J.: 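My structure is below; once you've seen it, I'll send some questions.
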Amino acid sequence: MLTKEQVWELARTVHPYGVKVRRDLHQNPELSFCEHETHRYLATALQELGYSFRAGLGGGTGLQVVIRGARPGPVVALRADIDALPIQEETGLPFASHRPGVMHACGHDVHTAILLATAKALWSIKDELPGQVVLIFQPGEEKNPGGASLMIRDGVLDQPKVDAIFGLHVEPFLEAGRMAFGEGPMMAAPDELRVTIVGRGGHGATPHLTVDPVLTACQVITALQQVVARNVNPFQPAVVTIGMIQGGSAHNVIPDEVSFVGTVRTMDPELRRLMPERIEAVVRGICAAAGASYRFHYEHGYPVLVNHPEMTALARQAAVDVLGADKVEQMEPSMGGEDFAYYLERVPGTFARLGARAHDDAAPYGLHTSRLMVDESCIAVGVAYYIQVVQNFLTTGSVTP
Ligand code: NI
């Protein structure tokens, strides 16, 4: 067992490496499932560190490293996501994105840097590890079906059989040096809704000779809010957001069709099953009243992210060990989605929040914004946490899921 001081010494030693990796990746962001240069960068880096690994996973750009300790024991996995978003960066950083319209605006560059720096740190202590550590570099977190599901299909939880998994996400509203943990359902299942209202177009001056899909779509969208207001238990979180509506071409023409798309988010599997049924009932009823017809598509996204109680307690303790109890907070649930949920469906584990707000930043920008800033001191914190969680899990042994 490393002492707290030894863990920090290791984390501080690899911190400059982590910062360099983060900036390299930040400059070269790639969209989901197109992370070819990132894949090459990680493969080269892992080679330089001395590791053997599996590459080309999860649709082509994922990697898996298995660190075998000198002694037999349990298997713990750590995961980073490597993809970026279609956002034009506006941070003005010297290492801002070189790719127009693409940015690491969800901090996945930081997650990947932390995991690679952790790999570097673990190299020096791998002979003392009582078990194995699996490092998962996963593509496509931001895009259905989620790189996690493809990595699982490619056996990252089975070869070797993983006993527990840990992941983290930077949190720009939480101060760097702090972490947050929560057990149970913590992130929503983000499902997608696509509807086309089919009417009968005509002259804007003769509405009585048409079936107006613009008016019908407006009524449907308004009425959809009654699903959350009147079908969902008020103690049960749910969101229906229509984010895009398209139709029509001129002020005096009633079009044939209007389409809209939205996101439906729930935390409870039973409610998740009920939502498409209720939503379609509203669409059907209003279209019938208007004499319109409709096309309805409903696509399930990631599962609800459920943090395992026992593993959350273990991980929280690891954070307390390295940061102190006053730096470890309760995680608030969020209606955001996260494909780490797929791993947690298969093995116990927990997904934590890592503070990334600079001490003097009073008004930080959020994730998925063009001005997201991350205090890079969180890289050493992430590495120290990962080393400690690996150590705590491997020494406490197996878990009962
Ligand atoms: Ni993210």
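The analysis underlying the following values was restricted to heavy atoms, covering all of them including side chains, and did not include hydrogens, waters or symmetry mates. We count ligands from 1, going down the list as the structure has it; atoms in each ligand are counted the same way. All residue numbers in this chain count up from 1 along the given sequence. Source: prediction; values computed, not measured.
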J.: Does the pair Arg79/Asp339 count as a salt bridge with the N-to-O cut at 4.0 Å?
T.: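 Between Asp339 and Arg79 there is a salt bridge, with a charged N closer than 4.0 Å to a carboxylate O.
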J.: Under 6.0 Å between ring centres, would you say that holds for Tyr298 and His300?
T.: yes
J.: How about the Ni ion (ligand 1), which protein N, O or S atoms come within less than 2.8 Å?
T.: Cys106 SG, His108 NE2, His169 NE2
J.: Partners of Pro333 by side chain to side chain contact (heavy atoms under 4.5 Å, CB included), sequence neighbours excluded?
T.: Met186, Met267
J.: Using modelled atom types and a 3.5 Å cut-off, is there a donor and acceptor pairing between side-chain atoms of His15 and backbone atoms of Ala380?
T.: yes
J.: Provide the closest heavy-atom pair for Tyr51 versus Ala119 in the form atom of the first, atom of the second, distance.
T.: OH-O, 2.6 Å
J.: For Trp123, is the NZ or CZ atom of Lys126 found under 6.0 angstrom from the centre of its six-membered ring and inside 45 degrees of the ring axis?
T.: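 Yes, a cation-pi geometry.
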